[in-house]
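Everything on this sheet refers to the single structure shown next.
Per chain, numbering begins at 1; letters A, B, ... match sequence-line order.
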Amino acid sequence: MPPFLPHPTACATNSTSRPAPPAACGLLDAIPRRNTKLEPRRSRRQGGRITTSCSSYTMSAAQDLIADAPTPRAFSALFKAASSAASPSPYLGAQLHAQAVVRGFLGDGDNTILYTAILNFYASCREPDLARQVFDAMARRNAVTWNTLIKGYAQAGRREEALKFFRDMRRQGHVAPDKYTFPALMSGIGREHCGGCMQELGGATHAQVIKSGLHNDPFVGASLVSMYAATGALEDVKLVFDDVDTLDPVVWSSMISAYDNCKEEEGALLTFYDMLCRDIKPRQFVYSSMFAICGSMSLLEMGRQVHAHSLKNINDKDAAMTNALLTMYSDCGCINYAWRVFNSNNIVDVISYNSMILALGQHGSPKEAIELFRQMKFSGLVPDEVTLLNLLSAFNHAGLVHEGLHIFGYMLETEDVKPTYQHYACVIDMLARSGEIKEAMKTIIEMPFEAETPLWRIVLGACSKHHDIGTGLKIAEMLFEMEPYEATNYILLGNIYTRLGRWTEAENIRSVMDKRGIYSDDAFSWIEIGRMTHRFGVADRSHPISEEIYRNLDRLIGSIKAAGYVPDVSFAAHNIEKDRREESLHYHCEKLAFAFGDLASSSGDTLRIMKNLRVCGDCHSAYKYFSLITGRKIILRDNHRFHHFNNGACSCGDYW
DNA sequence: GTAGGGTTAG
């Protein structure tokens, strides 16, 4: 099943190319100042000693440290607590580190434990080079020291260096790897591309694990599972899974994530079921993964059941699990449940706000998104680059170009949160879709990043919408050269021609695709009724009650036509003969799914319908009329956003 | 209350 609701793909511009930001619209005060987060504050009352907030435990420990005669042990505990903070500050560490030096704790004598605690602190801050400096200063190193350093580099995405230290550990340090070493080496593997070092990490690491006799260890097994899953090697994942102690929930959790990573969501559902059958109690991580899977497949009923299951089995709420739950309800079209989870959450962190702001943007509520952003600032949390991306995205969905450019302009001018490729892509999308194609092109050309093909495709789509055939042709030509076998490029160009009524050229594109053997993704829509998911393709007649569905659809089309609906044949497929174009529109998969939902549910029920591609313009218009004549609310999720249809109108305001 | 492990959320 295809992925849904991706973040806009991205690129950038330099500051001179950007349109002048509009006058202040009251958002400026809401922009974070990151400097205030990173600089530890000094309190006059406490004689300028460390009082920065990290966690409440660190705070009280720091005060004890100042008040009482501190010991190396206390310092170790302090570093440990500081490392476990949500976002450890290297500035705090540097000050503690200095205190430890001043007090002579890092001089002669056995200081390996304190040193390792400091090393671990810098590693947790994603500052492996600082960790390395500590490592170099140590007189004695043991396995814990080596493992911590390796983990520091691995988690920072510097896997080549992590591998180097893994080799040095035995050769230079004369320390054998233990059950902590392999998880350290492979940690964070799913989060980044490993490039060339993946080969060495793969089979060779697995061989080392077996040689060390550690293949039964659940943590090592979990690491191997995620390592193979990162390369998409699901068969190897299964082999490892069968080899380890399968009663350990950690391995099961990795296995469920592995299926998810390899786009085998159904395998994940079956693994969860298998786990329950064997009476293994899922932990928070398992529920997090399951919520993500139910959300990505839009399986509301399944999601609810997993939620109920988690309530019975988990007492202590976990922030990640709660945020995953919030996103699951939003992904299933239930923004109200997402709100409920957000409001009942005791541990609201930056990610909770980011998740909720993203959800509001996708559901077309930019005002609520900006209000939440203000609330976030007020609560003392510091928005990060994802917060601003989600906010930009909310403005983009709603066509609030003015507001979006304002935020973006502020990002360019300040040092707080620097725009990444994704922020640029979002702004370029925003400009192009609002009809500012020239400005979008100028931004792409002048930006400091190289535009990637998905971004060009966004602009090509906008050219189709705004009938800019000149620019569209240029972009299409370039795309055909860069990606001659990408079907979407052909379809988008074909759309430009059909929107202009130039059917012959559109048909030519289709025949070029046929000749070159290029096939586009088939469109599918599906709807969950009760505990069953019903899927429809275009002009699909495979459903057991297909005849009734078509009869109902014909009836509905008649009614909406009477109410004013006019079919728009420019959305018909390129290769359909002229006199069959209108009829072909009627049997688009999203219309079939609605016709079925209308039959299979009580009148007045809200229908939630999913589509794997972007909703067709004619279907969007038909849905508005469907909501009018049936009195139903319809929530349609496509691969881009949510549309809430009610009483003849859509929440997107026809801007999508 | 002296140091190190895995899987999750945007």
Roughly how many Å is it from [atom1] in [X] to [atom2] in [N], rounded to a whole number?
X: Gln362(A); N: dA9(B); atom1: CD; atom2: C1'; result: 14 Å
X: Met186(A); N: dG4(B); atom1: CE; atom2: C1'; result: 15 Å
X: Met227(A); N: dG5(B); atom1: CE; atom2: P; result: 20 Å
X: Gln155(A); N: dG5(B); atom1: CD; atom2: P; result: 8 Å
X: Tyr287(A); N: dA9(B); atom1: OH; atom2: P; result: 17 Å
X: Phe285(A); N: dA9(B); atom1: CZ; atom2: P; result: 10 Å
X: Ile351(A); N: dT8(B); atom1: CD1; atom2: C1'; result: 10 Å
X: Leu96(A); N: dT2(B); atom1: CG; atom2: P; result: 17 Å

- Run the salt-bridge test on Lys238(A) and Asp242(A) with the 4.0 Å N-O cut-off and return the result as yes or no.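 Not counted as a salt bridge, because no side-chain N and carboxylate O are separated by less than 4.0 Å.
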- Phe135(A) and ring-ring contact (aromatic ring centres under 6.0 Å, His included): which partner among Tyr115(A), Tyr122(A), Trp146(A)?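 The single option meeting the ring-ring contact (aromatic ring centres under 6.0 Å, His included) with Phe135(A) is Trp146(A).
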Report the nucleotide, chosen from [options], that has the shortest atom-to-atom distance to any side-chain atom of [X].
X: Asp318(A); options: dA9(B), dT8(B), dT2(B); value: dT8(B)
X: Asn390(A); options: dA3(B), dG1(B), dG10(B); value: dG10(B)
X: Leu358(A); options: dT8(B), dG10(B), dT2(B); value: dG10(B)
X: Ala74(A); options: dG1(B), dT8(B), dG4(B); value: dG1(B)
X: Lys179(A); options: dG1(B), dG5(B), dA3(B); value: dG5(B)
X: Thr327(A); options: dT2(B), dG10(B), dG4(B); value: dG10(B)

Please determine whether any donor N or O and acceptor N or O are separated by less than 3.5 Å between the side chain of [X] and the base of [N].
X: Asp178(A); N: dG5(B); answer: no
X: Asn142(A); N: dA3(B); answer: yes
X: Ser253(A); N: dT7(B); answer: yes

Need one value for [X]: base, sugar-phosphate or nothing, where a base atom within 4.0 Å counts as base even if backbone is also close, heavy atoms only.
X: Ser288(A); value: base
X: Leu114(A); value: nothing
X: Asn147(A); value: base

- Any chance you could lay out the side chain to side chain contact (heavy atoms under 4.5 Å, CB included) test for Val175(A) and Arg170(A), step after step, and finish with the verdict? CA-CA 5 Å; Val175(A) 177; Arg170(A) 199 183 339 229; over 6 Å; no
- Message: Can you tell me if Lys80(A) touches the phosphate of dT2(B), counting only side-chain N or O atoms and a distance under 4.0 Å to OP1 or OP2?
- Response: no
- I would like to know whether Trp339(A) and Leu372(A) meet side chain to side chain contact (heavy atoms under 4.5 Å, CB included); could you show each step before the answer? CA-CA 11 Å; Trp339(A) 263 127; Leu372(A) 200 60; 3.9 Å; yes
- Audit row: Arg340(A), Tyr329(A), side chain to side chain contact (heavy atoms under 4.5 Å, CB included) steps and yes/no: CA-CA 10 Å; Arg340(A) 212 182 289 178; Tyr329(A) 279 123; over 6 Å; no
- Does His423(A) use its side chain to pair, donor to acceptor, with the backbone of Glu385(A) at less than 3.5 Å? yes
